Amino acid sequence: MGSWMVPTASLLGAGWFFATAIILGVLIGHWVDGKTGLEPVFTLIGIALGLAVAAVGGYRMLSPFMRWLGDNDSEQG
Amino acid sequence: MKLLKIAGIAAVVIGWLAVGLLVARGPQPEIIVPAEVITRVGPLNLTNSLITSWVVMALIIIISLLATRSMKLIPSGIQNFVEAVVAFLVGQVEEIAGEKNGRRFFMVVATIFIYIIFNNWFGLMPFFNAFGKTEDVNHHVFEEIYEHAHDDKVYEEREHHAAWFMENTAGMTVAQSGAKAVKFEILAGDSAGVATDRYIIFLAEEFTDYKGPEDHEAAPTEADVRAALAALEADPNAPKVHLADAHGDGEAHAEDSGHHAIPSAALGGDVEYIDFPGEKLGLVIPLFRSAFSDVNNTLAMGIVAFLCIEFWGFQALGFGYLKKFFNTDGIMSFVGILELLSEFIRVISFAFRLFGNVFAGEVLILMLTFLMPFLFVDIIYGLELFVGFIQAAVFAMLTLVFAVGAVEHHGEDEHHDGHEGGGADAHHPHPETGAVQAH
């Protein structure tokens, strides 16, 4: 049971995490643009930062899953 | 014979659907995203999702008390059940986090799991979203227009009031099966007088055969409003608009009936009150609403999980825990900052995942009770039971996985040095420890 629960949680969690990171980056960037009148500078920074956070955090989130894949492979092979 | 079987199944399905559509159809749901306020306690709003979460807490406490009241060495009944659940959870947590950390994380992770699954499943009870306080929409519209008239303000943005046709039955106000939700709209830039005219025309359109002016944007003319009034007057079941009389005692009468008179731009006079001899306009504010269909509750859970994870990180590593985020290791210093940001974004993603799943399920069930009662709702109920379990498991498991990550020594991937993280597994082929063991 535990063998599938963690990978399931990682996969389901990572999808939402990617979405949240990128959307928040865009929204916050857009909001700062509105405050400073420098459109589209901060929106672009927000997108870049959101993507970077999604990549780093997503890697952390998926590493248990990748480890689980490695385990299964080594067991079968 | 096979054909007969298929025909039989089809007959049952169609019959089931027909019975559902005839007797068990819900009114067209009015989807409100923020939790509805039942009453106010001082400066605090008492919302229906808060009430539900209290009821669930009470239920969990009662069940635990019953299970632990007279504990026996060989458990039976409820004690047996609760012990099985707890033993299962302990096994799961220890398998993933190792014995030492598992015992530390267990309380929080299991509490999160039990609390969320109880809330999700309890929220599927049939009395949810079904009964509650009825809001008198007419009164509400009147009060709002009166406030605008009193302060001599125009409406700054488009506003709408949704309502169901409801009737009084045995002391309760009940929405009819399959009742249509109607919407009264006030446009931006309307004065209170124009809003009143729009309201009269809206009532005539909804309660009688009267057709309003083609152009919905323009302010209604006097002829339109008079025609609407005549149409309402002609139908005995339609609402009756009482205009203030010329003697000037209208104000006094209006005060007596609990309403304030509101001005009408087209008629040039005041509308004192509106009588509803037949169906009324009302909206049910449900007394119970699934706790996690309110983003406040999910966010609270996310913050609690976040605080626990950070606490364990500091507890295990001291201030060395911060090295993960702040270091001077070239490109890794930037990655550290990104990791710090991702810690916070986790809270938001925790909150919105749970909220999104529970709220979507609730909307789906309400919509299907209106569109396809009985048959399809049953199927979706099954799905929602599964989603409720999965979401609880995902929330708890992710908390656990992050907690395991937080107590890991930083840079363990590179140096295979000693650690206090649990999950030791001698034949494990990978150097990361304190992490997922999936056997």
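Everything numeric in this text was worked out from a predicted model, so none of it was measured. Heavy-atom basis, side chains included; hydrogens, waters and symmetry copies ignored. Just so it is clear: chains get the letters A, B, ... in the order the sequence lines come, proteins before strands, and each one is counted from 1.
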Practice prompt. List the steps, then state whether side-chain contact (heavy atoms from CB on, under 4.5 Å) holds for A/Phe18 with B/Ser349.
Written response: CA-CA 9 Å; A/Phe18 288 140; B/Ser349 98; over 6 Å; no

Worksheet entry | Chi angles and distances behind the side-chain contact (heavy atoms from CB on, under 4.5 Å) call for B/Phe402, A/Met61 | CA-CA 8 Å; B/Phe402 293 149; A/Met61 231 169 190; 3.1 Å; yes

Worksheet item: Could you walk me through whether A/Trp16 and B/Ile348 pass the side-chain contact (heavy atoms from CB on, under 4.5 Å) check?
Response: CA-CA 9 Å; A/Trp16 278 86; B/Ile348 314 282; over 6 Å; no

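Of the listed residues B/Gln391, B/Glu343, B/Arg346, the one with more heavy-atom pairs under 4.5 angstrom with chain A than any other is B/Arg346.
For B/Phe334, the CZ atom counts as loosely surrounded, since its 6.0 Å shell holds 12 or fewer non-hydrogen atoms of other residues, nucleotides or ligands. Remark: B/Met107 CE is loosely packed, at most 12 non-hydrogen atoms of other residues, nucleotides or ligands lying under 6.0 Å away.
With a threshold of 4.5 angstrom between heavy atoms, A/Ser63 does not approach chain B through any atom at all. Neither the backbone nor the side chain of B/Leu340 comes within less than 4.5 Å of any heavy atom in chain A. When heavy atoms are compared at a cutoff of 4.5 Å, A/Leu24 approaches chain B solely by way of its side chain, counted from C-beta outward. Using a 4.5 Å cut-off between heavy atoms, A/Val53 contacts chain B through both its backbone and its side chain.
The shortest side-chain heavy-atom distance between A/Leu49 and B/Leu338 falls under the 4.5 Å cut-off.
Summarising the geometry of A/Ala9 relative to B/Met397, their closest heavy-atom pair is CB-CB, 3.5 Å, with the distance given to 0.1 Å.
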